[in-house]
Amino acid sequence: MANETVFKRYKGNPIITAAAVPRANSIHNSAVVEFGDGYAGIFRVDEIDFNFTMHVGFSKDGIKWAINPDVIKMKCDDPDIMTDARTYDPRLTKIEDTYYFTWCIDSKQGPCIGMATTRDFKTFHQKENLTIPANRNCVIFPRKINGKYAMYSRPSDRGHTPFGDMFYSESPDMTHWGCHRFVFGTRTSSWQSTKIGPGPAPVEIKEGWLLIYHGVWTSCNGYLYYAGGAILDKEKPWKVLYRTKDYLLAPTEIYERVGDVPNVVFASSAIVKNGKMRLYYGCADTCISIADADMGELVKFIKKNSFKD
Ligand code: BMA
């Protein structure tokens, strides 16, 4: 085991593997929220024919999960909204009593961001896509900012995207998006030198918005994915207050190093409870693990390890 920063890995990692769903080749990069007296999640399942599907799951403790073998079927009132493409990388955000669920639609014109709402994790209503292609990384803020819904996203290309900066956008109605602002991009000579992208929904803290994001480095042997942390201004979340120079989590464990896409930790959900953050992250595009950090230590680490320039 390599050095750990403030995140401590759960000893029983990985907590979810392909064995959880019939026909799964892998289960990774997925979304989890608190729900009722336990947890609910939307899981990315890459099937054995390489169709990428999404499945609902429930858990009492957030560690042992029952994942529905059936693919989520969404209701959609508008036949012009695309519903038949491969789907991947879900994220979940609760705003008031509604869960907003975004994912990447693998459209013929390139990846773009789809969105649906649910209140009960039984019925899902698909709405307008949040972005045009190409964009495969999007997360919605848990409350309106200055009266508008808000999101971070990372425009991309149709392939494996050897670049990527993050942008902030706002909307009065979750359909029409504008006021796009650059947030931050890559840093040379770093684990975040190829591309960066938003991870779990931003968490509101005293100092601003705490964001866990992924950073990618291209080695002589391909991409490696890491997790970093940033704190952004509360009223103007495109303004960076702190952003980690050191990574928070790196692919060091065998289940993070070995898999369908080696050397990946991909943080996609965070549950903050009792002063702790539990991160759910995809490992090597094969399985899901968790790691916990004390919120006070996490904030301290981000502030202390921030770039000075
Ligand atoms: C995400 C997805 C995956 C990819 C991954 C690394 O953006 O596009 O398919 O392999 O990054 O986990």
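Counting convention: from 1, in listed order, for ligands and their atoms alike. Treat the numbers as computed from the prediction; the structure is a model and nothing was measured.
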When you measure from the centre of the six-membered ring of Tyr149, is the NZ or CZ of Lys144 under 6.0 Å away and within 45° of the axis? yes

Does Arg44 have a heavy atom less than 4.0 Å from any atom of ligand 1? yes

Does Arg91 make a cation-pi contact with Phe101 (under 6.0 Å, within 45 degrees of the axis)? no

For ligand 1, which atoms have a heavy atom of Phe266 less than 4.0 angstrom away? 1 (C), 7 (O), 11 (O), 12 (O)

Within 45 degrees of the axis of the six-membered ring of Tyr99 and under 6.0 Å from its centre: does Arg119 put its NZ or CZ there? no

Could you check Phe184, Phe141, Trp238, Trp209 and say which one makes a ring-ring contact (aromatic ring centres under 6.0 Å, His included) with Tyr152? Phe141

Ligand 1 atoms in contact with Val264 (distance to a heavy atom under 4.0 Å): 6 (C), 12 (O)

Arg136 contact mode with ligand 1 (heavy-atom cut-off under 4.0 Å): side chain

the protein heavy atom lying closest to atom 7 (O) of ligand 1 turns out to be Asp89 OD2, 3.3 Å

Knowing that exactly one of Arg181, Lys148, Lys236 qualifies, which makes a salt bridge (Lys or Arg N to Asp or Glu O under 4.0 Å) with Glu170? Lys148

With only distance considered, is Asp285 within less than 3.5 Å of ligand 1 through an N or O on each side? yes

Evaluate the ring planes of Trp191 and Tyr226, with Trp represented by its six-membered ring, and classify them as parallel (under 30°), tilted (30 to 60°) or perpendicular (over 60°). tilted

State the atoms of ligand 1, each with its element, that fall below the 4.0 Å cut-off from a heavy-atom position in Tyr88. 8 (O)

Hey, does His28 come in under 3.5 Å of ligand 1, counting only N/O atoms on both sides? no

